[in-house]
Amino acid sequence: MATIQSFVHLLAWVSFIWSPGIAHSLSPPVVDSPHAKQFSPINKFLMQSYYDRYTNLHDSDFENFVSQEITSGLCEHDLVWRLSDLKRNLTGEGSHRSVSTLIKFQSQQLKSLSELLSHSCELIIIERLPSGVFADPFELQHFVQRGVFSDIAVFGDTNLELPSFLSNRSAVEIHLVVDPNILQDPTDIKTELPLHARYQSLNESGYSTVEFGAPDMLVRCSTKDKVENRCFLKLEKGDANVYGSRIVWRIPSGIKTHAGLVSTVTFTAALLSTLAIVAASLFQIDDFKKI
């Protein structure tokens, strides 16, 4: 029994090593350089600017990036977008589910509506995904084609075949065009983001747990006559209700105590199949010689 399990483990290890995606993930990581590119507001996606500077997605690096780089590009006027409510829900079943997000903005009195209406604005939602799940960039492009989002992109580890214990985190950046007039009335914005679970590590419970935090949200505006002059408006949470913004996904995984039995059955089935193919080939050769 021990010999069979050792042989199966050796075959699995060789297949991982020779897999192009996994071999790439096992290569030495590039160390983040303090002299990397600075944030450029011209980039279409904020996460592209982040990955120009950092190699992997770490919460501390991202929060520093937002606080030190993006906030330095705030618009000159004092307009503030106020969040009143944020609700999150996990829909669907199995390994393919969706994160539903409902965002509510407060209405506010505008001192200079004409100044605001001279700008074109977009809401940017960034979902920092845990390593146990991924978003399919090809699937998400259909939302752009249907006009659900103005743009969307996936950054980080986009190798969809890697299991969770060999993958890095990824992030999804969603762009939605918003009319500045919505600040005069309470406004709701709802998004649905389809996600997929990666293969999880073995454990005794048969489930792995991944947790999602609240998304990062920013508002970027530019003058309608000069699109390159982009700046960020403040998005204040204030007394907003963000309870329930954290959601948990329990993903099925293999049970560790079953590994020996599964390995034995798999090895036996593979061996019998190989023998059957060899026997069929020999019979075919005999028949050919008789002809």
Side-chain angles (χ1 to χ4, degrees), residues 44-47 62 66 70-71 74-75 77-93 96-130 133 135-136 139-154 171-196 211-222 224 230-249:
K44 185 177 184 179
F45 291 99
L46 297 180
M47 292 307 299
F62 181 81
V66 172
I70 295 182
T71 53
L74 290 175
C75 299
H77 48 78
D78 297 327
L79 184 63
V80 176
W81 289 49
R82 300 187 183 279
L83 183 68
S84 65
D85 200 359
L86 175 64
K87 295 181 180 179
R88 306 262 278 171
N89 189 30
L90 192 63
T91 61
E93 297 180 354
H96 308 280
R97 308 185 71 175
S98 295
V99 173
S100 174
T101 303
L102 177 63
I103 305 168
K104 294 186 177 182
F105 291 101
Q106 294 179 5
S107 61
Q108 62 183 92
Q109 298 296 323
L110 304 178
K111 296 181 180 179
S112 178
L113 179 60
S114 60
E115 179 184 6
L116 178 61
L117 292 180
S118 66
H119 287 71
S120 174
C121 298
E122 60 180 357
L123 173 65
I124 299 176
I125 303 173
I126 299 176
E127 293 277 1
R128 288 181 274 168
L129 303 179
V133 299
D136 187 343
E139 178 184 18
L140 297 182
Q141 283 304 312
H142 293 297
F143 288 85
V144 179
Q145 296 170 3
R146 299 203 310 264
V148 178
F149 305 131
S150 59
D151 219 332
I152 191 169
V154 182
V172 180
E173 182 172 334
I174 302 171
H175 288 210
L176 292 167
V177 175
V178 291
D179 185 348
N181 279 307
I182 69 173
L183 291 179
Q184 300 180 90
D185 300 297
T187 303
D188 297 354
I189 295 177
K190 185 176 181 179
T191 64
E192 292 278 347
L193 178 63
L195 297 174
H196 310 275
E211 185 174 351
F212 298 78
D216 301 283
M217 294 175 289
L218 303 113
V219 179
R220 180 165 62 185
C221 295
S222 61
K224 294 181 178 179
R230 295 175 178 175
C231 60
F232 293 92
L233 294 175
K234 295 179 181 178
L235 181 57
E236 299 288 351
K237 293 182 180 179
D239 298 329
N241 175 21
V242 294
Y243 299 107
S245 61
R246 303 186 72 86
I247 53 180
V248 176
W249 184 352

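Values reported hereafter were calculated over all heavy atoms of this structure, with side chains retained and with hydrogens, waters and symmetry mates removed.
Listed by chain and residue number, nothing satisfies the salt bridge (charged side-chain N to carboxylate O under 4.0 Å, His left out) test with Glu173 (two or more places apart in sequence, or in another chain). For His96, the ring pair (Phe, Tyr, Trp, His ring centres under 6.0 Å) partners two or more places apart in sequence, or in a different chain, are His196.
When side chains are defined from C-beta on, Ile126 counts as touching Phe62, because their heavy atoms get closer than 4.5 Å. Residues Thr191 and Phe143 have side chains not in contact (no heavy-atom distance under 4.5 Å, counting atoms from C-beta outward). Side-chain atoms of Phe212 and Val133, non-hydrogen and from C-beta on, do get closer than 4.5 Å to each other. Looking at heavy atoms from C-beta onward, Phe45 lies in side-chain contact with Asp151 at the 4.5 angstrom threshold. In this structure the side chain of Leu102 reaches within 4.5 angstrom of the side chain of Asp188, judged on heavy atoms. Side chains of Val177 and Cys121 form no contact here, defined as non-hydrogen atoms less than 4.5 Å apart. Under the 4.5 Å side-chain criterion, counting only non-hydrogen atoms from C-beta, Leu129 is in contact with Leu195. Considering only heavy atoms from C-beta on, Asn89 stays 4.5 Å or farther from Ile247 through its side chain.
Distance NZ/Lys190 to NZ/Lys87: 10.5 Å, rounded to 0.5 Å. The structure places CG of Leu140 at 4.0 Å from CD1 of Ile152, a figure rounded to the nearest 0.5 Å. Expressed to the nearest 0.5 Å, how far CD of Glu211 lies from CH2 of Trp249 amounts to 14.5 Å.
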> Could you walk me through whether Met217 and Leu83 pass the side chain to side chain contact (heavy atoms under 4.5 Å, CB included) check?
Replying inline: CA-CA 10 Å; Met217 294 175 289; Leu83 183 68; 3.8 Å; yes
>> Determine whether Thr101 and Ile189 satisfy the following criterion, side chain to side chain contact (heavy atoms under 4.5 Å, CB included), listing intermediate values before the conclusion.
In response: CA-CA 8 Å; Thr101 303; Ile189 295 177; over 6 Å; no
>> Is there a side chain to side chain contact (heavy atoms under 4.5 Å, CB included) between Leu123 and Ile103? Walk through the geometry before answering.
In response: CA-CA 11 Å; Leu123 173 65; Ile103 305 168; 4.3 Å; yes
> Does the pair Ser100 and Arg88 meet the rule for a side chain to side chain contact (heavy atoms under 4.5 Å, CB included), with working shown?
Replying inline: CA-CA 6 Å; Ser100 174; Arg88 306 262 278 171; over 6 Å; no
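One N or O on the side chain of Ser150 and one on the backbone of His175 form a donor-acceptor pair closer than 3.5 Å. For the pair Arg128 (side chain) and Ala171 (backbone), a donor-acceptor distance under 3.5 Å is absent. Side-chain atoms of Thr91 come within 3.5 Å of backbone N or O of Ser98 as a donor-acceptor pair. Arg220 places no side-chain N or O within 3.5 Å of a backbone atom of Leu46 that could act as its donor or acceptor partner.
Looking at Glu122 and Lys44, no side-chain N of the basic residue comes within less than 4.0 Å of a carboxylate O on the acidic one, giving no salt bridge.
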